[in-house]
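Notes for the one structure printed next.
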Amino acid sequence: MYNEFCQMHHYTNGMVYYGAFPTGTGKASECVGCGACETVCPQQLPIQKLLGDVARAFETTTR
Ligand code: SF4
């Protein structure tokens with residue numbers, strides 16, 4: 001959803017879908033920063049940083 005949002009010039013359909021997920025279902029802001037995913041990511045993505053980007057884009061009303 002975030003990839004779509006970025007690649008399609010802030011196209012907001014993904015934001016609508018994301019908003020339908022209730023808190024407690026794994027939203028980006030719920031990352032506890034353990035780093036476990038980054039140790040096994042085959043693409044070596046900065047997952048914690050990227051989840052912060054998602055939370056800022058989709059979970060705040062002002063950007
Ligand atoms: S750092 Fe990765 S594994 Fe740990 S809580 Fe966040 S998303 Fe989940």
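We number each residue from 1, following the sequence as shown. In each ligand, atom 1 is the first atom listed, and ligand 1 is the first ligand listed. None of the values given here were measured: they were computed from a predicted structure.
- In this view, Y18 and E59 satisfy the side-chain hydrogen bond (donor to acceptor under 3.5 Å, both in side chains) rule, not counting sequence neighbours.
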Pair L51-I47, side-chain contact (heavy atoms from CB on, under 4.5 Å): steps then yes or no: CA-CA 6 Å; L51 288 175; I47 296 168; 3.9 Å; yes

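- Remark: the backbone N or O of T23 is not paired with any side-chain donor or acceptor of E30 at under 3.5 angstrom.
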From CA spacing to verdict: side-chain contact (heavy atoms from CB on, under 4.5 Å), Y17, E4: CA-CA 12 Å; Y17 287 119; E4 177 186 84; 5.9 Å; no

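- At a distance under 4.0 Å, a protein heavy atom can be found next to atom 5 (S) of ligand 1.
- Contacts of Q48 classified as side-chain hydrogen bond (donor to acceptor under 3.5 Å, both in side chains), with partners at least two apart in sequence or in another chain: E38.
- Residue pairs meeting the salt bridge (charged side-chain N to carboxylate O under 4.0 Å, His left out) criterion with at least one member in residues 12-23: none, sequence neighbours excluded.
- Here 1 is the count of protein N, O or S atoms positioned under 2.8 Å from atom 6 (Fe) of ligand 1, waters not counted.
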